[in-house]
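In what follows, a structure is listed as structure tokens, so that the remarks can point back to it.
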Amino acid sequence: MHYSTYISDLLYRYECVIIPGFGAFLAHKISAYHDAEQNVFFPPKKRISFNAQLKENDGLLSNYIATAENISYTEALGKLQSYAYTLETRILNGETILLDKIGTLSQNESSQIKFEPVSATNYLTEAFGLSSFETKPIMREVHKQEVEALEEKAPIHITTARRNNTWLKYAAVGVLAIGLSGTFGFLHFKDIADYNFAQEQKAKKQVENTIQHATFTIENPLPAVTLNAFKPKGSYHIVAGAFRVPENAESRVKELREAGYKARTLGENKYGLHQVVYGSYTDRTEALNDLRKIRTNDNSNAWMLIQEVD
């Protein structure tokens with residue numbers, strides 16, 4: 001039974017997910033920040049923590065399991081209580097339990113449950129697809145100092161006589177070349193301009209004559225074409241990925257449609273990312289069933305977004 005998968009699904013949408021009789025996983029939103037020591041920028045995210053004091057059943061996880069596995073609420077609650085007992089027993093026996101995409105549970109020196117979250121998973125849907133990146137400091141001052149040091153080691157001396165004679169020689173040649181090229185260039189471009197003007201006038205006259213004698217008759221007009229735009233409806237969407245470049249999003253949509261999915265884009269979110277979905281559903285149970293199939297057969301990172309889309 002994939003209870004860690006169910007908990008992970010709910011953490012994308014809720015701030016608190018309780019395992020009855022065991023404890024609760026809490027999601028706290030933190031803003032984007034910069035680590036000055038490592039020169040790394042981190043996107044906004046949800047930080048996951050664990051509270052062993054929150055054990056009262058709120059029905060959220062039980063209802064979700066009942067819907068996902070098509071069983072009664074009572075049966076789902078019984079399985080959850082059994083799962084909680086198994087977790088507690090294994091931790092008391094000194095085991096470290098890994099919950100996929102959530103974190104690890106173990107026992108500390110005070111016989112309390114210790115939780116270490118997985119940093120690779122970002123449960124903040126608004127920041128889906130964003131990752132941390134490293135920057136490097138600009139070394140302008142260092143390069144400037146190196147150049148100044150080279151100038152001091154290798155000074156350049158220019159004698160007055162050589163500088164004056166060389167300059168006069170090349171200046172005379174340059175003036176003569178500029179004068180000749182200017183004269184011939186002017187005559188050459190004048191001939192081209194006169195020729196282009198004559199051809200332009202000739203072309204205008206031909207066009208005017210053609211328009212005056214032309215008659216347009218449409219005997220059999222083409223029938224109107226009606227295009228049916230593909231736009232599925234529903235507030236449950238299975239997300240395949242988010243892309244910064246719109247062309248990449250459209251390419252992903254094309255791939256998914258060739259694979260048989262009713263894929264489309266949901267437009268641009270407030271972070272400038274274009275979300276691509278496998279499909280949209282009006283029925284929540286159908287969406288959950290297809291999500292499990294997609295995670296098993298195609299994309300283990302797919303997730304469900306609940307959002308009204310025009």
Side-chain angles (χ1 to χ4, degrees), residues 1-30 45-92 97-107 112-118 121-128 234-239 277-296 300-309:
M1 289 178 284
H2 307 287
Y3 292 109
S4 59
T5 300
Y6 299 142
I7 297 171
S8 179
D9 291 344
L10 293 174
L11 285 173
Y12 279 108
R13 289 174 287 160
Y14 300 96
E15 308 300 323
C16 178
V17 180
I18 299 175
I19 301 177
F22 181 73
F25 293 95
L26 307 175
H28 307 278
K29 183 177 179 179
I30 59 175
K45 63 182 298 183
K46 279 184 178 179
R47 178 180 293 162
I48 308 301
S49 61
F50 179 77
N51 190 335
Q53 305 301 319
L54 299 177
K55 300 181 179 182
E56 190 71 23
N57 178 35
D58 61 354
L60 177 64
L61 184 56
S62 303
N63 275 312
Y64 188 78
I65 294 175
T67 303
E69 298 186 359
N70 197 22
I71 59 177
S72 66
Y73 173 82
T74 304
E75 186 177 357
L77 181 59
K79 289 184 175 182
L80 261 182
Q81 291 172 341
S82 177
Y83 176 65
Y85 176 78
T86 301
L87 288 177
E88 191 169 359
T89 302
R90 291 175 60 186
I91 292 173
L92 289 175
I97 301 174
L98 172 63
L99 300 181
D100 188 33
K101 298 181 181 179
I102 300 174
T104 58
L105 294 168
S106 59
Q107 189 177 37
Q112 296 177 340
I113 296 178
K114 177 184 176 182
F115 175 70
E116 290 291 338
V118 173
T121 306
N122 189 350
Y123 286 100
L124 186 63
T125 56
E126 292 88 347
F128 183 80
S235 57
Y236 301 94
H237 317 278
I238 301 178
V239 179
V277 299
Y278 285 91
S280 301
Y281 304 80
T282 56
D283 184 75
R284 184 169 178 266
T285 302
E286 182 184 359
L288 289 172
N289 290 335
D290 282 0
L291 176 61
R292 287 200 302 273
K293 294 177 183 178
I294 290 172
R295 280 183 166 177
T296 302
S300 61
N301 294 320
W303 58 282
M304 188 168 70
L305 171 66
I306 300 178
Q307 178 181 316
E308 294 291 339
V309 179

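Only a predicted model underlies this, so the values are computations on that prediction, with no experimental measurement involved.
- Of all non-hydrogen atoms in F115 and I102, the two that sit nearest each other are CZ-O, 3.6 Å.
- Listed here is the closest heavy atom pair of L54 and I18: O-CG2, 3.6 Å.
- At least one side-chain heavy atom of D290 sits under 4.5 Å from a side-chain heavy atom of Y281.
- Side chain of S82 to backbone of G78: no donor-acceptor contact under 3.5 angstrom is found.
- Applying the 6.0 Å contact sphere to CG of N70 captures no more than 12 heavy atoms from other residues, nucleotides or ligands.
- Results of the side chain to side chain contact (heavy atoms under 4.5 Å, CB included) test with W303 over I294, I238, V239 single out V239 as the only residue that passes.
- For the pair L11 and A27, the tightest heavy-atom approach, listed with the atom from each and the gap, is CD2-CB, 4.4 Å.
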(message) Applying side chain to side chain contact (heavy atoms under 4.5 Å, CB included) to Y64 and L288, what does each step give before you reach the verdict?
(response) CA-CA 10 Å; Y64 188 78; L288 289 172; 3.3 Å; yes
(request) Output, in order, the C-alpha distance, side-chain angles, deciding distance and verdict of ring-ring contact (aromatic ring centres under 6.0 Å, His included) for Y83 and F22. (result) CA-CA 9 Å; Y83 176 65; F22 181 73; 7.8 Å; no
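- When all heavy atoms of V277 and S280 are compared, the pair lying nearest together is CG2-OG, 4.2 Å.
- Atoms NZ and OG1, from K114 and T104 in turn, are 7.5 Å apart once rounded to the nearest 0.5 Å.
- Closest approach of G59 to Y73, counting heavy atoms only: CA-OH, 3.8 Å.
- Under the 3.5 Å distance criterion, the side-chain polar atoms of T89 are matched with a main-chain donor or acceptor of Y85.
- Looking only at distances, no side-chain donor or acceptor of K101 sits under 3.5 Å from a matching main-chain atom of S8.
- In this structure, the separation between CD on Q107 and CD1 on I91 is 8.0 Å, given to the nearest 0.5 Å.
- Closest non-hydrogen pair, L77 versus S62, comes out as CD1-OG, 3.6 Å.
- In this structure, the separation between CZ on R13 and CE on M304 is 4.5 Å, given to the nearest 0.5 Å.
- In this structure, the separation between CD1 on I65 and OH on Y6 is 6.5 Å, given to the nearest 0.5 Å.
- Using a 4.5 Å heavy-atom cutoff, the side chains of L61 and Y3 are not in contact.
- Side chain of R292 to backbone of A68: a donor-acceptor contact under 3.5 angstrom is found.
- In this structure, the side chain of H28 does not engage the main chain of S49 through any donor-acceptor pair within 3.5 Å.
- Considering only heavy atoms from C-beta on, Y236 stays 4.5 Å or farther from L291 through its side chain.
- Remark: S235 OG to I306 CD1 distance equals 7.0 Å, nearest 0.5 Å.
- Rounding to the nearest 0.5 Å gives a distance of 11.5 Å between NZ of K55 and CD1 of I19.
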(message) Run E75 and E69 through side chain to side chain contact (heavy atoms under 4.5 Å, CB included) and show every step you take.
(response) CA-CA 10 Å; E75 186 177 357; E69 298 186 359; over 6 Å; no
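- With salt bridges taken as basic N to acidic carboxylate O contacts below 4.0 Å, none links E15 and K29.
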